[in-house]
Protein chains: 2
Amino acid sequence: MTLAEENYLKAIYHLENQSSNEVSTNALAEEMQTKASSVTDMIKKLAEKNMVSYIPYQGVTLSKAGRAHAVKVVRKHRLWEVFLLEKLNFSWDEVHDVAEQLEHIKSEKLTDKLDEFLDFPKVDPHGDPIPDKHGNFEEIDKTSLTDAQEGQSYVCIGVHDSSSDFLKYLDANHISLGTTIEIIHKEPFDNSVKIKFNDVELVVSENVAKNLFLQEA
Amino acid sequence: MTLAEENYLKAIYHLENQSSNEVSTNALAEEMQTKASSVTDMIKKLAEKNMVSYIPYQGVTLSKAGRAHAVKVVRKHRLWEVFLLEKLNFSWDEVHDVAEQLEHIKSEKLTDKLDEFLDFPKVDPHGDPIPDKHGNFEEIDKTSLTDAQEGQSYVCIGVHDSSSDFLKYLDANHISLGTTIEIIHKEPFDNSVKIKFNDVELVVSENVAKNLFLQEA
DNA sequence: TTAAAAGTTTAGACAAAGCTAAATAATCTT
DNA sequence: AAGATTATTTAGCTTTGTCTAAACTTTTAA
């Protein structure tokens with residue numbers, strides 16, 4: 001698997017998890033920041049290698065082998081994120097880009113030793129689960145802040161958008177994973193939400209609310 | 001700098017350090033395990049980018065910028081080797097191949113944080129010096145075992161050949177960096193050397209002797 | 001000091017991964 | 001159910017890094 005192939009597998013994997021349908025050429029092109037024609041070419045190559053099954057005009061789905069490979073890349077990505085944050089003191093908005101490079105290092109021994117060195121972490125700095133050596137992981141039960149109930153308390157357990165901008169926004173407002181928040185008011189007009197944590201009240205936009213994952217406290 | 005370009009710079013750097021002349025196309029091809037014609041093509045590209053100076057038929061030398069870049073790659077390689085050995089418990093014959101991949105990760109922050117995490121090591125697991133953030137390092141004063149004097153004692157401080165086979169040979173014979181050895185006898189017939197360390201005597205071939213670096217004890 | 005050998009470069013191809021423009025299929029609209 | 005729109009694929013080209021075979025320099029040695 002080349003670097004480009006691995007990135008496609010990862011992108012297909014992410015899109016499959018988001019909508020459970022076949023992944024369309026255009027959706028993949030959007031995700032990969034490339035052109036639909038390039039996607040078609042690559043999909044054909046991946047189909048040749050039995051990493052995806054592909055019917056022209058009908059989209060693409062990962063094969064067993066393709067999904068297994070994608071999960072390995074995801075495992076590496078998330079382990080490196082933990083390493084960067086916990087051992088090298090990167091901030092959580094900085095880890096993603098470097099992990100994008102490190103996830104392609106080929107050495108099963110390295111991955112497993114790193115896992116051990118980090119004490120077998122279960123989630124990465126954005127709250128996403130880390131597959132174990134065999135590709136198994138627990139899907140985390142999460143509610144978006146938009147779906148939270150007024151009056152109820154929750155713990156922040158993850159983010160949907162792990163862009164640097166969003167994470168910096170959370171940092172600036174002192175929200176991190178583990179923070180307990182209470183839903184004070186949901187404003188129907190603009191879907192903003194007033195929350196309270198550490199005795200401070202804060203109104204967050206719908207956009208922020210959509211991207212923050214919670215678990216009932 | 002692409003991955004291939006970086007590997008060429010590194011190879012030129014190593015060859016320059018070995019013989020101080022211009023690096024010939026064939027020598028580079030040998031080092032890179034490729035064909036002379038491929039080397040010519042790449043050299044031209046590196047010359048375009050002012051990373052090397054190149055006169056056809058006369059070989060190639062690194063420019064300031066080229067050398068600086070090569071040193072950065074070497075720094076990363078050696079830091080990762082220390083990480084793999086000290087933090088992840090790789091053995092010294094396993095670190096090289098993985099470091100070959102890790103040395104191309106682009107993030108100055110990562111490199112410098114890693115350096116700090118490892119407590120600014122001065123040498124890698126094979127005794128080679130690690131350049132600091134600014135590219136500076138001390139050349140280590142080393143004698144090959146072939147040049148050692150009978151009756152004299154030395155400390156092992158490095159290896160020339162860091163192939164897995166050679167390092168496994170040393171491991172099997174309990175020779176590691178820091179081991180103090182005494183030269184018992186140099187055999188002129190085949191240039192083998194009888195050494196003694198930890199109260200054990202051992203005869204090593206010329207090939208081994210050439211690849212073991214010492215410092216007077 | 002010239003011919004052979006050795007070393008190097010050029011010319012022309014190829015595979016990977018991308019692009020644009022054109023063609024084709026699927027879907028939506030009325 | 002046909003035309004329009006949207007989605008997808010194909011065709012042909014580009015760049016990077018490699019290769020083989022042929023041509024050309026440089027060195028060596030008679």
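Keep in mind the model is a prediction, meaning the values are calculated, not measured. The chains referred to below are lettered A, B, ... by the order of the sequence lines, with proteins before strands, and numbering in each begins at 1.
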Could I get the full list of side chain to side chain donor-acceptor pair (under 3.5 Å) partners for B:T143, not counting sequence neighbours?
none
Here the distance between atom P of D:dT16 and atom CD of B:E5, to the nearest Å, is 8 Å
Expressed as a whole number of angstroms, how long is the span from B:K44:NZ to D:dT18:C1'?
14 Å
What is the distance, to the nearest angstrom, from the NZ atom on A:K35 to the C1' atom on D:dT10?
17 Å
Per atom distances to the A:S37 side chain, the nearest of C:dC19, D:dT20, D:dT18 is C:dC19
A:L46 CG to C:dG18 P, in whole Å, measures 10 Å
Could you give the side-chain donor-acceptor pairs of residues 66-93 of chain A under 3.5 Å, partners two or more places apart or in another chain?
residue : atom : partner : partner atom : Å
A:R67   : NH2  : A:E16   : OE1          : 2.8
A:H69   : NE2  : A:E6    : OE2          : 2.8
A:R75   : NH1  : A:D115  : OD2          : 3.0
A:R75   : NH1  : A:P131  : O            : 3.0
A:R75   : NH2  : A:D112  : OD1          : 2.7
A:R75   : NH2  : A:D115  : OD2          : 3.3
A:K76   : NZ   : A:E103  : O            : 3.3
A:K76   : NZ   : A:I105  : O            : 2.9
A:H77   : ND1  : A:E103  : OE1          : 2.7
A:H77   : NE2  : A:E81   : OE2          : 2.8
A:H77   : NE2  : A:H96   : ND1          : 3.3
A:R78   : NH1  : A:P129  : O            : 2.7
A:W80   : NE1  : A:L102  : O            : 3.4
A:E81   : OE1  : A:H126  : ND1          : 3.2
A:S91   : OG   : A:D93   : OD1          : 2.9
A:S91   : OG   : A:E94   : OE1          : 3.1
A:W92   : NE1  : A:L167  : O            : 3.4
A:W92   : NE1  : A:D171  : OD1          : 3.2
A:W92   : NE1  : A:D171  : OD2          : 3.4

Quick check for you: among D:dT18, D:dA11, C:dG18, whose closest atom lies nearest to any side-chain atom of A:M42?
C:dG18
A:D41 has an atom CG; how far is it from atom C1' of D:dG12, in whole Å?
11 Å
Sequence neighbours excluded, the answer for side chain to side chain donor-acceptor pair (under 3.5 Å) partners of B:D97 is none
Protein-proximity profile, nucleotides 2-8 of chain D, B/S/- by nucleotide at the 4.0 Å heavy-atom cutoff, equals -----SB
Considering only distance and modelled atom types, tabulate donor-acceptor pairs under 3.5 Å from the side chains of residues 21-33 of chain A, sequence neighbours left out.
residue : atom : partner : partner atom : Å
A:S24   : OG   : A:A27   : N            : 3.1

Short side-chain donor-acceptor distance under 3.5 Å, B:S163 and B:D165:
no
Between C1' of C:dA16 and CE of A:M1, the distance in whole Å
13 Å
Let me know the distance between CD of B:E48 and C1' of D:dT15, rounded to the nearest Å.
14 Å
Show me the donor-acceptor pairs within less than 3.5 Å that the side chains of residues 52-59 of chain B make with the rest of the protein, sequence neighbours left out.
residue : atom : partner : partner atom : Å
B:S53   : OG   : B:T61   : OG1          : 2.9

